[in-house]
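Since the model is a prediction, treat every value here as computed from it, not as a measurement. Numbering of residues begins at 1 and proceeds along the displayed sequence.
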Amino acid sequence: MKIHHESFLADFASMSRNGATPGGGVDRQAATTADGQNRNWFRGLVEGHGFSVHYDNVGNQFSLLELSPGAPWIAVGSHLDSQPLAGRFDGAYGVLAGAHAALRVRETIQDNESAKFNIVVVNWFNEEGCRFKPSMMGSAVFTGKLPAPQVLATTDPHGVSVREALESIGTIGDFEIEVVAYVEIHIEQGRSMEDQGLDIGLVESTWGANKYEFIVHGEQAHTGATIIADRQDALLGASALVVAAREVALEHSTDEHMVITSCGEFSVYPNSPVVVASRVNLLVDLRSTDADVLAAADADLRSRVKRIEKLANVSIERGAEHVWAAKAYDQAGLKLAADAAQSLGLRHGVVRTLAGHDSTNMKDIVPTIMLFVPSVEGISHNERELTHDKDMLAGLDLLAEVLHRVVQGQFVPADALLVSATGQSQ
């Protein structure tokens, strides 16, 4: 076990040098040079251990470890892309842990038994959604929620398409695979586990999330020469919308169901010190554990949009949206993971995920297990993001045990219906 742990930590340290930032984090936005370098580093690592690596038509990276020729495939993974100036752990920990856990399963299987399933470690393309929108893009295509042609034509702020970006780093192909279950481990990106003293979080459900792009349209004018009454100030309207979102969160949160809202992106045009803004693009999201509470908060925000338009003398257009509902993970998976954690003596508890993950998509088409390890002070999407080595290793041990049980057929039957890359049962 000590050798396994030392090997994982050495690989994690090596991986963290790819796209490293001066503040101790990483910047590996989807399909950038740094992301390509890290993908190639990971490919070299797993191919050296006997995996075969392939890419599908939207850049999802599949590392196959065959344990039983002809058997169905169990997927395990997360994502290697990051936010700008991000932490080292978000997503990347889960991909590397998936590979190391698969190797430990192979070692156990070879010594003692035969496998009912094969393992594929997945690095999903553009989970973060910062360069290309929306987030969880690769898994959305895999599960049939987004069409591949639409994704490939999506452009970043500089006009570079997903297809062009993937071709530039050489990680696009035509591979297809069918899977019967999915397992993911991730840092919590919150502090509930740390507060409760847990080693492992067993994720029971997602929060619901409504993510909207708003475009506030005004009229460009001189900031000194144009009187207030004549202004159509897009920046004023956008600022009022940000404030309204926070007010909605405070007013609709209850002791039982919290509402979280935020504005994560804000672009002002023409962004000159002496010009009244003519347009502002911003992203606003609302999240809650309860569908009715989320719907009420959403309706309230929409009603405030009309008032803001009148206040600032602007028009507000709602653009693209990305929505997912609060939904439970597989109960059998929760029990399997709890039993595995108990067998390893790990302190575990049931948690919910505020953030979206690729498992958010995968759970809608196949039985899915989602696991968390603690985040120090809940800090994430920040260079100071930290998960202690002992917690990463505890998560790795649990993932290996869970994956071993799944490969033995304790989660889904070996003759389970296959799910294709289009998300349709076969």
Side-chain angles (χ1 to χ4, degrees), residues 19 27-43 52-64 73 75 77-84 86 91-92 95 120-179 182 209 211-213 215 264-265 267 281 283 318-324 356-362 364-366 419-424 426:
D27 188 343
R28 299 191 293 240
Q29 296 175 62
T32 58
T33 299
D35 183 39
Q37 290 172 342
N38 202 44
R39 284 167 158 244
N40 288 331
W41 174 89
F42 183 72
R43 177 173 188 162
S52 62
V53 180
H54 309 272
Y55 300 93
D56 71 6
N57 60 349
V58 293
N60 292 318
Q61 184 178 26
F62 299 94
S63 301
L64 281 64
W73 294 89
S78 191
H79 62 96
L80 291 178
D81 70 307
S82 81
Q83 292 286 334
V95 178
V120 54
V121 180
V122 189
N123 164 29
W124 300 107
F125 173 69
N126 190 40
E127 192 273 352
E128 293 292 358
C130 50
R131 182 182 181 191
F132 302 103
K133 299 177 184 61
S135 58
M136 304 185 293
M137 184 177 275
S139 58
V141 173
F142 186 85
T143 56
K145 296 181 178 182
L146 283 177
Q150 175 184 323
V151 163
L152 291 170
T154 299
T155 57
D156 70 6
H158 301 289
V160 179
S161 71
V162 167
R163 181 188 293 277
E164 291 168 337
L166 287 171
E167 288 175 346
S168 73
I169 62 171
T171 60
I172 185 171
D174 59 4
F175 182 72
E176 295 182 1
I177 191 169
E178 299 167 330
V179 303
Y182 179 65
K211 304 174 73 173
Y212 300 120
E213 177 182 351
I215 306 100
E265 187 172 282
S267 302
N281 290 55
L283 300 181
R318 203 178 82 189
E321 62 182 58
H322 185 204
V323 174
W324 64 85
H357 303 285
D358 293 300
S359 68
T360 305
N361 286 327
M362 290 298 290
D364 293 339
I365 66 164
V366 293
V419 176
S420 74
T422 60
Q424 302 298 315
Q426 300 188 357

If only atom types and distance count, is the side chain of Gln150 paired as donor or acceptor with the main-chain N or O of Pro147 below 3.5 Å?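 A pair under 3.5 Å: no.
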Which atoms form the tightest heavy-atom contact between [X] and [Y], and what is the distance?
{"X": "Thr143", "Y": "Ile365", "answer": "CG2-CD1, 3.6 Å"}
{"X": "Gly19", "Y": "Ala34", "answer": "CA-CB, 4.0 Å"}
{"X": "Asp156", "Y": "Phe132", "answer": "N-CE2, 3.5 Å"}
{"X": "Ala165", "Y": "Ala31", "answer": "CB-CB, 3.6 Å"}
{"X": "Pro134", "Y": "Asn126", "answer": "O-ND2, 3.4 Å"}

Sort out for me which residue in Asp56, Asn123, Val53, Val121 forms a side chain to side chain contact (heavy atoms under 4.5 Å, CB included) with Phe62.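 Of the listed options, the one satisfying the test is Asp56.
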For Trp124, which of Met362, Gln61, His357 qualifies under side chain to side chain contact (heavy atoms under 4.5 Å, CB included)?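 Only one option passes, and that is Met362.
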Below 4.0 angstrom, N of the basic side chain to O of the carboxylate: do Asp81 and Arg131 qualify?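 No salt bridge links Asp81 with Arg131.
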Decide side-chain contact (heavy atoms from CB on, under 4.5 Å) for Glu265 and Lys133; before the verdict, give the C-alpha distance in whole Å, the side-chain angles of both, and the deciding distance to 0.1 Å. CA-CA 12 Å; Glu265 187 172 282; Lys133 299 177 184 61; 3.1 Å; yes
Spacing of [atom1] belonging to [X] relative to [atom2] belonging to [Y], to within rounding of 0.5 Å:
{"X": "Met137", "Y": "Asp358", "atom1": "CE", "atom2": "CG", "result": "12.0 Å"}
{"X": "Glu128", "Y": "Leu80", "atom1": "CD", "atom2": "CG", "result": "11.0 Å"}
{"X": "Glu127", "Y": "Gln83", "atom1": "CD", "atom2": "CD", "result": "8.5 Å"}
{"X": "Tyr182", "Y": "Asn361", "atom1": "OH", "atom2": "CG", "result": "9.5 Å"}
{"X": "Asn60", "Y": "Ile177", "atom1": "CG", "atom2": "CD1", "result": "11.0 Å"}
{"X": "Asn38", "Y": "Ser82", "atom1": "CG", "atom2": "OG", "result": "9.0 Å"}

Is there a side-chain contact (heavy atoms from CB on, under 4.5 Å) between Val179 and Phe142? Walk through the geometry before answering. CA-CA 11 Å; Val179 303; Phe142 186 85; 4.1 Å; yes
Do Lys145 and Asp364 pass the side-chain contact (heavy atoms from CB on, under 4.5 Å) test, and can you show the C-alpha distance, the side-chain angles, and the key distance before you say yes or no? CA-CA 10 Å; Lys145 296 181 178 182; Asp364 293 339; 2.5 Å; yes
Heavy atoms, side chains only, cut-off 4.5 Å: are [X] and [Y] in contact?
{"X": "Asn281", "Y": "Glu213", "value": "yes"}
{"X": "Met136", "Y": "His322", "value": "yes"}
{"X": "Ser63", "Y": "Phe42", "value": "yes"}
{"X": "Val58", "Y": "Leu152", "value": "yes"}
{"X": "Tyr55", "Y": "Arg43", "value": "yes"}
{"X": "Val323", "Y": "Lys211", "value": "no"}
{"X": "Leu64", "Y": "Trp73", "value": "yes"}

Between Gln29 and Asp27: side-chain donor-acceptor atoms closer than 3.5 Å: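 Looking only at side-chain atoms, Asp27 and Gln29 do form a donor-acceptor pair, the distance falling under 3.5 Å.
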